[in-house]
K.L.:
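Can you keep this structure in mind? I'll have questions shortly.
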Amino acid sequence: MIPLQTLREKPQYVIERLKVKNFEAEEIVNNILSLDEERRKTQKSLDEKLAESNQLAREIGVLFKQGRTAEANEMKVRTSLLKEETRELTEKLTFTEKALDELIVRLPNIPAEQVKSGKSAADNEVVLQEGNIPSLGSDALPHWELAQKYNLISFELGAKVTGAGFPFYIGKGAKLQRALISFFLDEAVAAGFLEFETPLMVNEDSAFATGQLPDKEGQMYHVPVDNLYLIPTAEVPVTNLYRNTVVKHSELPVKLCAYSACFRREAGSYGKDVRGLNRLHQFDKVEIVEIAHPDESFKVLDEMTSHVAGLLRKLELPFRMVRLCGGDMSFTSAITYDFEVYSAAQQKWLEVSSVSNFTDFQANRLKLRFKDESGKIRLAHTLNGSALALPRIVAALLENNQTEDGINVPQALVPYTGFNKIS
RNA sequence: GGAGAGAUGGCCGAGUGGUCGAAGGCGCACGCCUGGAAAGUGUGUAUACGCCAAAAGCGUAUCAAGGGUUCGAAUCCCUUUCUCUCCGCCA
């Protein structure tokens, strides 16, 4: 949620910047401002009535103590009138607040200055590209065939036991998963992130706080008997650790990381983009999360993208970094960089990480604040990024490193896998 | 799952219908004391919203969450959540 304060202070700026996300905000913003005014007026008169009742209650107490029961009872008549008035005002206040809230949650986060407007992924800007794109022979296999050839992953068994999009990893394929998870976690811890292992299900409050509810309700697996949601990313439990908290400015930035399985229903996906590891219902990911001082969050964003780029370099994968245009960015994000690796057999770029600064948008909903140098309590900024999501990394590793006598494992991973070739 | 006990400020803990945002202690901050420190001592120490140009100040709300009784609720009643103890079950 955009803080109400921001809307009061610079409504025109918000309206202008949201156009970058192709969002027409003028009407909503105007309605918000007039509801806000109404809310304050209502609250003022409610507070006055409540003050009056409190005063009367005190006086009645004194009268009873002095045994002046008749006078006390006489005053009680007046309070019942006030009570009716406060009841009505409270209803009005609740109603106005609810209407206000419903409008505010519809506004997406304000794009940062660097973000350009655009309709779709076609308008994204490549800001960095590194590594050599391998030229494979015409007999190069896509990863789903390599997975079968070397018995690393079984999509069929997954479909039998659970359903499409829930693969089994087998033998060296399973070991490779474990190796990547350990490698990513070790790298994150070395970069100063505190490691967490999190619950894989969260309650409704948490899903709301990080913004999965209500918008993305259909994208999460839901367990109705206990009203719990399977996490689509470790961002949800990790960020919720800081729901309703005030941190000291000296503790910033807070750096957290977690490996988790991620569960996504991916309703509506189909076709060749979902072949093999390209899109799964359950996958593994290491996530990094930071809570930053508002003055520092863009510096922190750069550090996070450098961390991700470093991982891809160590894995010797050709990659590019893309700044998303307004139209392709998520609702909550102020700026997002995607990392894509080149998958040589499929001959396309696959997204493996998305690093975003949510500025104070997510923190506002989370009520995640910090006490600044002067003791004032302010909203913090939150950021997160994948570092990294496994399946497409595996796809690219298998495809790009295939040779006639097997698949080479990058040097950085060998200490974790215990083997340097899959054959 | 069954039976019982409980949830109060950063922490511990008092408070069972009135002047309680809440005693006392610890912690923390600042000052005094000291050559310096410890000890001692004094003062201060929640959050949200509103009024106000702003500060000061004032008002309102908040004692797990929500609802109710009452002129008045931390205190009484109901619901939910969580914690602890015992029993059952179990990786």
Side-chain angles (χ1 to χ4, degrees), chain A residues 1-10 32-105 197-209 213 223-229 237 240-252 254 261 360 363-380:
Chain A
M1 290 159 68
I2 297 178
L4 189 55
Q5 190 69 16
T6 309
L7 294 171
R8 280 184 199 157
E9 281 168 7
K10 39 185 187 181
I32 287 170
L33 292 178
S34 66
L35 279 170
D36 179 40
E37 207 164 307
E38 193 182 328
R39 197 201 91 231
R40 284 142 94 176
K41 256 200 314 219
T42 311
Q43 192 184 335
K44 190 177 173 213
S45 39
L46 175 61
D47 283 355
E48 283 164 3
K49 300 288 181 199
L50 286 172
E52 204 180 333
S53 329
N54 287 345
Q55 181 56 32
L56 284 174
R58 273 190 288 268
E59 286 170 17
I60 290 169
V62 173
L63 290 176
F64 271 124
K65 217 157 239 177
Q66 296 172 342
R68 295 153 73 181
T69 322
E71 288 170 70
N73 283 326
E74 203 173 303
M75 283 183 90
K76 279 185 173 179
V77 180
R78 282 167 57 194
T79 62
S80 66
L81 197 78
L82 270 175
K83 212 172 173 182
E84 180 59 25
E85 287 174 332
T86 56
R87 204 184 53 80
E88 278 170 21
L89 284 167
T90 306
E91 258 171 43
K92 189 178 172 198
L93 186 66
T94 314
F95 182 80
T96 313
E97 278 172 349
K98 216 178 137 199
L100 189 59
D101 198 55
E102 271 166 22
L103 287 181
I104 282 191
V105 299
E197 180 169 321
T198 76
L200 298 180
M201 298 189 200
V202 293
N203 60 31
E204 214 177 335
D205 286 348
S206 296
F208 263 105
L213 290 178
V223 182
V225 270
D226 297 302
N227 198 23
L228 295 173
Y229 293 86
N240 268 285
L241 289 169
Y242 281 84
R243 170 149 50 94
N244 274 319
T245 58
V246 180
V247 302
K248 297 188 191 121
H249 73 267
S250 57
E251 292 170 15
L252 298 175
V254 175
D360 57 10
N364 188 35
R365 197 185 274 210
L366 283 165
K367 295 206 181 70
L368 197 184
R369 294 159 298 165
F370 74 103
K371 198 169 257 189
D372 74 8
E373 297 77 354
S374 61
K376 216 175 120 191
I377 289 181
R378 299 161 58 190
L379 288 171

K.L.:
For A/Pro3, enumerate each residue passing the side-chain contact (heavy atoms from CB on, under 4.5 Å) test, keeping only those at least two apart in sequence or located in another chain.
P.N.:
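Once residues adjacent in sequence are excluded, the partners of A/Pro3 under the side-chain contact (heavy atoms from CB on, under 4.5 Å) criterion are A/Thr6, A/Asp360, A/Asn364, A/Leu379.
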K.L.:
Taking for each residue the nucleotide of RNA chain B with the nearest heavy atom, is it A/Glu52 or A/Ser80 whose nucleotide lies nearer the 5' end?
P.N.:
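So the residue in question is A/Glu52.
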K.L.:
Could you measure between the two P atoms, the one in B/G36 and the one in B/G44, and give it in whole Å?
P.N.:
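Their P atoms lie roughly 26 Å apart.
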K.L.:
Quick one: which residue pairs count as a salt bridge (charged side-chain N to carboxylate O under 4.0 Å, His left out) with a foot in residues 45-63 of chain A, not counting sequence neighbours?
P.N.:
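Counting only pairs at least two positions apart or across chains, the salt bridge (charged side-chain N to carboxylate O under 4.0 Å, His left out) contacts touching residues 45-63 of chain A are A/Lys49-A/Glu85.
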K.L.:
Restricting to salt bridge (charged side-chain N to carboxylate O under 4.0 Å, His left out), what partner residues turn up for A/Arg243, sequence neighbours left out?
P.N.:
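Result, salt bridge (charged side-chain N to carboxylate O under 4.0 Å, His left out) vs A/Arg243: none returned.
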K.L.:
Please write out each protein N/O paired with an N/O of nucleotides 46-49 of chain B under 3.5 Å, distance rounded to 0.1 Å.
P.N.:
{"unit_1": "B/A48", "atom_1": "OP1", "unit_2": "A/Arg369", "atom_2": "NH1", "d": "3.4"}
{"unit_1": "B/C49", "atom_1": "O3'", "unit_2": "A/Arg39", "atom_2": "NH2", "d": "3.0"}
{"unit_1": "B/C49", "atom_1": "O2'", "unit_2": "A/Gln43", "atom_2": "OE1", "d": "2.4"}
{"unit_1": "B/C49", "atom_1": "O2'", "unit_2": "A/Gln43", "atom_2": "NE2", "d": "3.0"}
{"unit_1": "B/C49", "atom_1": "O2", "unit_2": "A/Gln43", "atom_2": "NE2", "d": "3.2"}

K.L.:
Specify the separation, in whole Å, of atom CG of A/Leu82 and atom P of B/U60.
P.N.:
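Computing the A/Leu82:CG to B/U60:P distance gives 13 Å.
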K.L.:
Can you check the A/Lys376 NZ to B/A55 C1' distance for me, whole Å?
P.N.:
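It is 13 Å, rounded to the nearest whole Å.
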K.L.:
Would you mind writing out the side-chain donor-acceptor pairs for residues 67-75 of chain A within the sub-3.5 Å range, not counting sequence neighbours?
P.N.:
{"unit_1": "A/Arg68", "atom_1": "NE", "unit_2": "A/Glu71", "atom_2": "OE2", "d": "3.0"}
{"unit_1": "A/Arg68", "atom_1": "NH1", "unit_2": "A/Gln66", "atom_2": "OE1", "d": "2.6"}
{"unit_1": "A/Arg68", "atom_1": "NH2", "unit_2": "A/Glu71", "atom_2": "OE1", "d": "3.0"}
{"unit_1": "A/Thr69", "atom_1": "OG1", "unit_2": "A/Gly67", "atom_2": "O", "d": "3.4"}
{"unit_1": "A/Asn73", "atom_1": "ND2", "unit_2": "A/Thr69", "atom_2": "O", "d": "3.3"}

K.L.:
Under the salt bridge (charged side-chain N to carboxylate O under 4.0 Å, His left out) test, which residues partner A/Asp372, sequence neighbours left out?
P.N.:
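Once residues adjacent in sequence are excluded, the partners of A/Asp372 under the salt bridge (charged side-chain N to carboxylate O under 4.0 Å, His left out) criterion are A/Arg378.
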K.L.:
I want to check something: taking the side chain as every heavy atom from C-beta on, are A/Ile32 and A/Leu100 in contact at a cut-off of under 4.5 Å?
P.N.:
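SC-SC contact between A/Ile32 and A/Leu100 confirmed.
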K.L.:
Of the non-hydrogen atoms in A/Arg39 and A/Asp36, which two are nearest, and what is the gap between them?
P.N.:
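Shortest heavy-atom separation between A/Arg39 and A/Asp36 comes out as NH1-OD1, 3.0 Å.
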K.L.:
Enumerate all atom pairs, one protein N or O and one N or O from nucleotides 17-19 of chain B, separated by less than 3.5 Å.
P.N.:
{"unit_1": "B/G18", "atom_1": "N2", "unit_2": "A/Ala57", "atom_2": "O", "d": "2.7"}
{"unit_1": "B/U19", "atom_1": "O4", "unit_2": "A/Lys65", "atom_2": "NZ", "d": "2.7"}

K.L.:
Using the P atom in both, what is the distance from B/C12 to B/C84, to the nearest Å?
P.N.:
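Pairwise P distance, B/C12 against B/C84, rounds to 14 Å.
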K.L.:
How far does the P atom of B/G67 sit from the matching atom of B/U85, given to the nearest Å?
P.N.:
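It works out to 32 Å between them.
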K.L.:
Considering only the P atoms, how many Å lie between B/A23 and B/G66, rounded to the nearest integer?
P.N.:
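23 Å, rounded to whole Å.
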K.L.:
Taking the P atom of each, how far is B/A39 from B/C20, in whole Å?
P.N.:
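Each nucleotide's P atom is 33 Å from the other's.
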K.L.:
Would you say A/Glu197 has more than 12 foreign heavy atoms packed within less than 6.0 Å of its CD?
P.N.:
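No, CD of A/Glu197 has 12 or fewer neighbouring heavy atoms, counting only those of other groups under 6.0 Å.
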K.L.:
Rounding to a whole Å, what distance do you find between A/Glu97:CD and B/G50:C1'?
P.N.:
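Computing the A/Glu97:CD to B/G50:C1' distance gives 11 Å.
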K.L.:
How close do A/Pro237 and A/Pro199 get, counting heavy atoms only, and between which atoms?
P.N.:
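Closest heavy-atom pair between A/Pro237 and A/Pro199: CG-O, 3.9 Å.
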K.L.:
Which residues satisfy the side-chain contact (heavy atoms from CB on, under 4.5 Å) test with A/Lys248, sequence neighbours excluded?
P.N.:
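Residues passing side-chain contact (heavy atoms from CB on, under 4.5 Å) with A/Lys248: A/Ser250, A/Glu251.
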K.L.:
Just distance, no hydrogens or angles: give the donor-acceptor pairs under 3.5 Å from side chains in residues 91-98 of chain A, sequence neighbours left out.
P.N.:
{"unit_1": "A/Glu91", "atom_1": "OE2", "unit_2": "A/Arg87", "atom_2": "NH1", "d": "3.0"}
{"unit_1": "A/Thr94", "atom_1": "OG1", "unit_2": "A/Thr90", "atom_2": "O", "d": "2.7"}
{"unit_1": "A/Thr96", "atom_1": "OG1", "unit_2": "A/Lys92", "atom_2": "O", "d": "2.7"}

K.L.:
How close or far is atom P of B/U70 from atom CG of A/Leu63, stated in whole angstroms?
P.N.:
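It is 20 Å, rounded to the nearest whole Å.
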K.L.:
For A/Met75 and B/C71, give me the distance from atom CE to atom C1', rounded to whole Å.
P.N.:
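Atom-to-atom, A/Met75 to B/C71, this comes out as 9 Å.
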K.L.:
Taking the same atom, P, in B/C78 and in B/G4, what whole-Å distance lies between them?
P.N.:
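It comes out at 13 Å once rounded to the nearest Å.
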K.L.:
Taking only residues two or more places apart in sequence, or in another chain, which ones meet A/Arg78 in a salt bridge (charged side-chain N to carboxylate O under 4.0 Å, His left out)?
P.N.:
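Partners of A/Arg78 by the salt bridge (charged side-chain N to carboxylate O under 4.0 Å, His left out) criterion come out as none, since no residue qualifies.
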K.L.:
Distance check needed: B/U81 C1' versus A/Asp226 CG, whole Å only.
P.N.:
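Rounded to the whole Å, the gap is 14 Å.
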K.L.:
Rounding to a whole Å, what distance do you find between A/Lys44:NZ and B/C52:C1'?
P.N.:
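Interatomic distance, NZ of A/Lys44 to C1' of B/C52: 10 Å.
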K.L.:
Of the non-hydrogen atoms in A/Val202 and A/Ser206, which two are nearest, and what is the gap between them?
P.N.:
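Heavy atoms of A/Val202 and A/Ser206 come nearest at CB-CB, 3.9 Å.
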K.L.:
With P as the reference atom in both, quote the distance from B/U83 to B/C77 in angstrom, rounded to an integer.
P.N.:
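It comes out at 24 Å once rounded to the nearest Å.
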K.L.:
Heavy atoms only: give me the nearest A/Met1-A/Asp101 pair and the separation to one decimal.
P.N.:
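It is CE-OD1, 3.6 Å.
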K.L.:
For A/Asn54, report the nucleic acid contact type (base, sugar-phosphate, nothing); a contact means any heavy atom under 4.0 Å.
P.N.:
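Since only primed, P, OP1 and OP2 atoms lie under 4.0 Å of A/Asn54, the category is sugar-phosphate.
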K.L.:
Which dot-bracket string fits RNA chain B when only Watson-Crick or G-U wobble pairs with both atom distances under 3.5 Å count, crossing pairs get [ ], and | stands for a partner on a different strand?
P.N.:
((((((((.[[[..)..(.....]]]((((((.......))))))((((((.....)))))).[[[[[..)....]]]]])))))))....
K.L.:
What's the shortest heavy-atom distance between A/His249 and A/Phe370, and which atoms?
P.N.:
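Here A/His249 and A/Phe370 meet closest at CB-CD1, 4.0 Å.
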K.L.:
Which whole-number value in Å describes the distance from A/Leu50 CG to B/C58 P?
P.N.:
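Rounded to the whole Å, the gap is 19 Å.
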K.L.:
Using a strict heavy-atom distance below 4.0 Å, which residues from residues 87-95 of chain A are in contact with RNA chain B?
P.N.:
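By residue number: none to list.
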K.L.:
Sticking with atom P, work out how far B/G40 lies from B/G57, rounded to a whole angstrom.
P.N.:
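Nearest-Å result for B/G40 against B/G57 at atom P: 31 Å.
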